[in-house]
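Remarks on the structure that follows.
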Amino acid sequence: TKTDDKKNRLTKSIELQKGENIDTETPKSPASNVELKNDLEDRIAALKEDVVNGVKTKKEVNPALRKLRKRLGYLRQNK
């Protein structure tokens, strides 16, 4: 049902994106909204750090950053 789908979106972690470190851990489902937001913020920071340190280019991480930020915005809107 529609409510179950929304509940899943609010408690399920987004999978690792291309460009993220494969050792990155994600919260196990179901996870709290706060836990998911913290995870996404950490993952975004890690990607930015990779660019600053010259490990990856902006072009490589931009698609992943876009998806992670979009998901973070969704979680912030739907508490």
Side-chain angles (χ1 to χ4, degrees):
T1 63
K2 210 171 190 180
T3 11
D4 290 340
D5 290 345
K6 184 170 183 175
K7 190 174 182 182
N8 274 345
R9 286 192 304 267
L10 293 173
T11 59
K12 188 176 176 199
S13 179
I14 189 171
E15 67 276 353
L16 286 182
Q17 301 298 306
K18 184 177 179 183
E20 283 191 275
N21 187 336
I22 56 171
D23 296 331
T24 303
E25 289 188 30
T26 58
K28 302 293 177 228
S29 294
S32 73
N33 191 292
V34 172
E35 188 178 5
L36 291 175
K37 287 191 284 189
N38 289 341
D39 173 61
L40 289 170
E41 288 167 351
D42 290 346
R43 290 165 63 182
I44 289 168
L47 284 172
K48 286 181 178 179
E49 201 173 297
D50 283 349
V51 172
V52 169
N53 294 336
V55 178
K56 295 183 176 127
T57 65
K58 272 188 175 182
K59 188 177 180 181
E60 286 176 314
V61 299
N62 273 343
L65 282 175
R66 227 181 346 260
K67 285 182 182 177
L68 294 174
R69 285 182 180 139
K70 184 177 180 179
R71 177 78 169 146
L72 183 58
Y74 177 81
L75 290 173
R76 284 180 175 156
Q77 255 184 340
N78 298 279
K79 295 178 182 178

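The residues of the chain are indexed from 1 along the displayed sequence. All of these numbers come straight from a predicted model, not from anything done at the bench.
Between Glu20 and Leu68, the closest side-chain pair of non-hydrogen atoms falls below 4.5 Å.
For the atom pair CG (Leu65) and NZ (Lys58), the distance works out to 10.0 Å, reported to the nearest 0.5 Å. Atom CD1 of Ile14 sits about 6.5 Å away from atom CZ of Arg43, to the nearest 0.5 Å. Put simply, NZ on Lys56 and CG on Asn21 are 6.0 Å apart, with the number rounded to the nearest 0.5 Å.
A pairwise comparison of heavy atoms in Leu47 and Gly19 identifies CD2-O, 3.6 Å as the closest pair. Smallest separation of non-hydrogen atoms from Leu75 and Asn33: O-ND2, 3.4 Å. Across all non-hydrogen atoms, the minimal contact from Leu16 to Thr26 is CD2-CG2, 4.1 Å.
Counting non-hydrogen atoms of other residues, nucleotides and ligands closer than 6.0 Å to NZ of Lys37 gives a total above 12. In Glu25, the CD atom is not crowded: 12 or fewer heavy atoms of neighbouring residues, nucleotides or ligands sit closer than 6.0 Å.
Hydrophobic cluster membership is shared by Tyr74 and Leu72, with clusters built from Ile, Leu, Val, Met, Phe, Trp and Tyr side chains linked at under 4.5 angstrom.
Note on Glu15 versus Lys67: no salt bridge recorded, every NZ/NE/NH1/NH2 to OD/OE distance being 4.0 Å or above.
The hydrophobic side chain of Val52 is isolated, with no ILVMFWY side chain under 4.5 Å apart from it.
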